[in-house]
Asker: 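Supplied in C-alpha cells, the structure appears directly below.
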Amino acid sequence: MSVRVRYAPSPTGSPHVGNIRDALFKFLFAKHHNGTNIVRIEDTDRTRYIPGSEQDIFNSLRWLGIEWQEGMEVGGPFGPYRQSERKELGIYDKHIQVLLDSGYAYWAFDTTEELTEMREFQQVNKQPIGYFGGMWRDASSDAVEKAKQAGKPGVIRLKVPRNEEIVIQDVIRGRIAWDSNNVDDPVLIKADGMPTYHFASMVDDHLMEITHIIRGEEWISSAPKHACLFDAFGWSRPIFVHCPVIKGKDGSKLSKRHGDTKCLDFRSAGFLPEAMVNFISLIGWAPGGDKELMSMDELVEAFDLDGLQPSPGVFDMEKLTWMNGHYIRQKDISVLTKDVLHYVKSDDTYDYWNNQDNAARADELKRMRESFEKDAPYVDETILLEQERVQTLAEFGSACEFFLVEIPNMDQKAVDKWFTKPHVPQLLNGLLEKVNSTSEMDKDACESWVRNYAAENGIEKMGMVVHPIRVALTGKTVGPGLFELMSVLGTERMKVRLQNALQNFVTVSN
RNA sequence: GGUCCGGUCGUCUAGCGGUUAGGAUGCCGCCCUUUCACGGCGGAGGUCGCGGGUUCGAAUCCCGUCCGGACUACCA
C-alpha cells in the first residue's frame, strides 16, 4: 500500500514554523516513499477563520518547495478538500448518524454554565477534568427527544468505552496506553452543526485513505479519542506519528513572544528557503550521521521515520543564521542577485522591518531597490563583493550601502584614527590626481597604483596606505578587498569621495 | 490538580551493552591577510537529569526519583 499523508492546517493565521516543519516532514516522507502528500483545509471553526490565511499557507509551502500531489488547488479523487465544503455535502452528517445509530455517540444538552460548573467542581475535588457522561450519556431517547423539542441547543459526543485500556502504537514513542476512565467524551458535532477537529479530521483521514497521521506532539493526549473513533466505525486505524514540538529559547512551545514564528516572517527577514528547509528539518529529525548540510533532494533521499526524535528541540536562531550565510555564499552570483532584487522589491520586506521598528534597515533596502532601477549591473557587482560577508539578504542593505550613496557616512573613529596621519593628505591627493587623469581602473591597475605609491614613498606597511584610502572611499574600516572595491566604485565615484575626504575630514595639512 | 510525553556539551544532534562519548553551531586562540568576512587548524565546554539495580562491563536494559513540556474548550 502506498503512503498517503496529509497536511491539514486551519486557516486561523499565517502558519507557524513548527507547523510548517511538520508539513516538511510529511512531504519528505511521502516523497521518499513515492507516496502522496495531501493538503486539506480544516475550517470547521468559523469563529477563528482569518481571511487570507489559506494563501499564507500555500505561500509558505511553495516558498520552501514543499509540494503536494492532491488537495487544495490541485484537486484529486477524494475532494472536496476543504472541510466546510465537505460539511455542505453532508459527509459528516451521514457519518455521525452511523455512530448515533450504533450507540457510539450521544446527544448532550448541557449549557455552557453547567459545563463550567462541572469543571470547577472537578477542580476543587481534584478529579480528572472533562465530560465523562454527565446526565446525557445514558439518557433515554425520550429525554433526548424532549430536549430537542424544547429547542435546547445540543452537541453530539463520542461514547468512549469505560473500564478499558486504550492503547496506541506511536512510531516514535512506541506503545502509549490510557485508562479509558481518564479519557473524556469529546464533542463530535457542535451545537452549530459543524464537526469538531476530532470528528472531521478522523472521518476525512479514513475517507481519504490516509496511511500515516503525522502531526505534532500536542495531539498525543487526544490520540485515544481518535483511536476510539476509528474503532467505533470499525475502521482500521492509520499509523500514528507524533513529532516533537519546537520550543523557544526558554523551553516553552515556540510562540509569538519568542520573536518570529511565522514561516513567512523568515522570508521577509532575509532568509533563504534552502537554509530554512535544511535547518527546520534538523529539529526533531537527524539522518543518523554527521551530515547536516543537505539540499531538498538529499533530505528526500535520507528522510525516514526512524530518524525522528522523541524529545523537543529549541529553535536556535544563531544556527539558522549561520546556515543561511552558508547558502548565500554557496549561491551562484547570478541567482543571488536575482534573489536580492526580488527581496528588495517585495512589500513584505518593508512591512516586516517597519514592524520590527527598524526603519533604518528599511531605508537601506529601499535605497538598494532604487539603485537596481538606476544601474542594476553596478548593484550586482556590489553584491558579489559582499556575498561572503553577510548572513541574510537583509544585511546586503547595510553591507552595500556605502557603494550606493553619493557620499558615504564617515565613521568618526575611523577618521580620527587614519586621517590624522601626516602622510595621508599627500596619499589621497596622489590618488585623486590619478583618478582625475584616468577614466577606468580595473582591479590590477588599482593594486599596482597603490603598491607603487607605497614603494615610491618608502612605506613598508601596506596598511598605512590601504586603510586611509578605504576610509576615504567607504567611510569605514571594514569591508571588501580595497582593490576590488576601488575598481567597482570606478574613477568618477572615487573622485567625488576623495575630494570630500580631503575637504571635510583630513585635518592635517602638509 | 489529572493524564500523557520527554531528559547526551549553552543549543541542534550522533550513539542502540565494550568509543579517550563523535559532529555542528556559538565562544576563545592561531594561521591566511590591507581590514572585515570566508577558509584552515586548535582549544575550552558533557561524571550522558539524579539514585538504585541487572551485567565482567551501561549514555545505552529495569525500577524509583527529580526536573521540563504538552494536553486538560461546543480551538485546532
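These numbers come from the heavy atoms of this one structure, side chains and all, not from hydrogens, waters or symmetry mates. Below, chain A is the first sequence line, B the second, and so on; all start at residue 1.
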Asker: Can you tell which of C75(B), U3(B), U34(B) lies closest to the side chain of Asp45(A)?
Answerer: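 Among C75(B), U3(B), U34(B), the one nearest the side chain of Asp45(A) is C75(B).
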Asker: Side chain of Arg173(A), heavy atoms from C-beta onward: which of U35(B), U13(B), G6(B) has the nearest atom to it?
Answerer: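 The answer is G6(B).
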Asker: Using Watson-Crick or G-U wobble geometry with both distances below 3.5 Å, tell me the partner of C4(B), or none.
Answerer: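 Check on C4(B): paired to G69(B), both distances under 3.5 Å.
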Asker: Examine distances only and state if a side-chain atom of Glu388(A) and a backbone atom of Ile328(A) form a donor-acceptor pair shorter than 3.5 Å.
Answerer: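 No: the side chain of Glu388(A) does not pair with the backbone of Ile328(A).
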Asker: Sub-3.5 Å donor-acceptor pair from the side chain of Asp304(A) to the main-chain atoms of Asp306(A), do we have one?
Answerer: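 It does not hold such a pair.
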Asker: Looking only at the side chain of Pro310(A) (C-beta and beyond, no hydrogens), which of the listed nucleotides A37(B), U34(B), G7(B) gets closest?
Answerer: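 The listed nucleotide nearest to Pro310(A)'s side chain is G7(B).
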Asker: Could you list the protein-to-nucleotides 9-11 of chain B atom pairs, N/O on both sides, closer than 3.5 Å?
Answerer:
none

Asker: Nearest to the side chain of Ile283(A), heavy atoms from C-beta on, is which of U13(B), C4(B), C74(B)?
Answerer: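 The closest nucleotide is U13(B).
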Asker: Nearest to the side chain of Arg48(A), heavy atoms from C-beta on, is which of C75(B), G6(B), A37(B)?
Answerer: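 Nearest to the side chain of Arg48(A) among the choices is C75(B).
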Asker: Which of the following nucleotides, G7(B), G39(B), A76(B), is nearest to the side chain of Arg329(A)?
Answerer: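 For Arg329(A), the side-chain atoms sit closest to G39(B).
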Asker: Between the base of U34(B) and the side chain of Arg470(A), is there any donor-acceptor pair under 3.5 Å?
Answerer: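 Side chain to base: pair present.
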Asker: Output the single nucleotide from U72(B), A14(B), U25(B) whose closest atom is nearest the side chain of Trp322(A).
Answerer: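 My answer, after comparing the listed nucleotides, is U25(B).
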Asker: Would you mind telling me which of G7(B), U34(B), C75(B) lies closest to the side-chain atoms of Val466(A)?
Answerer: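 Closest of the options to the side chain of Val466(A): U34(B).
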Asker: By nearest atom, which of the nucleotides A14(B), U34(B), A76(B) is closest to the Arg451(A) side chain?
Answerer: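 Closest of the options to the side chain of Arg451(A): U34(B).
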Asker: Taking the six-membered ring for Trp, is the centroid-to-centroid distance between Phe303(A) and Trp285(A) below 6.0 Å?
Answerer: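 Centroid distance Phe303(A)-Trp285(A): below 6.0 Å, so yes.
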Asker: Between C71(B), A76(B), U35(B), which one does the side chain of Lys253(A) approach most closely?
Answerer: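 Of all the options, the side chain of Lys253(A) is nearest to C71(B).
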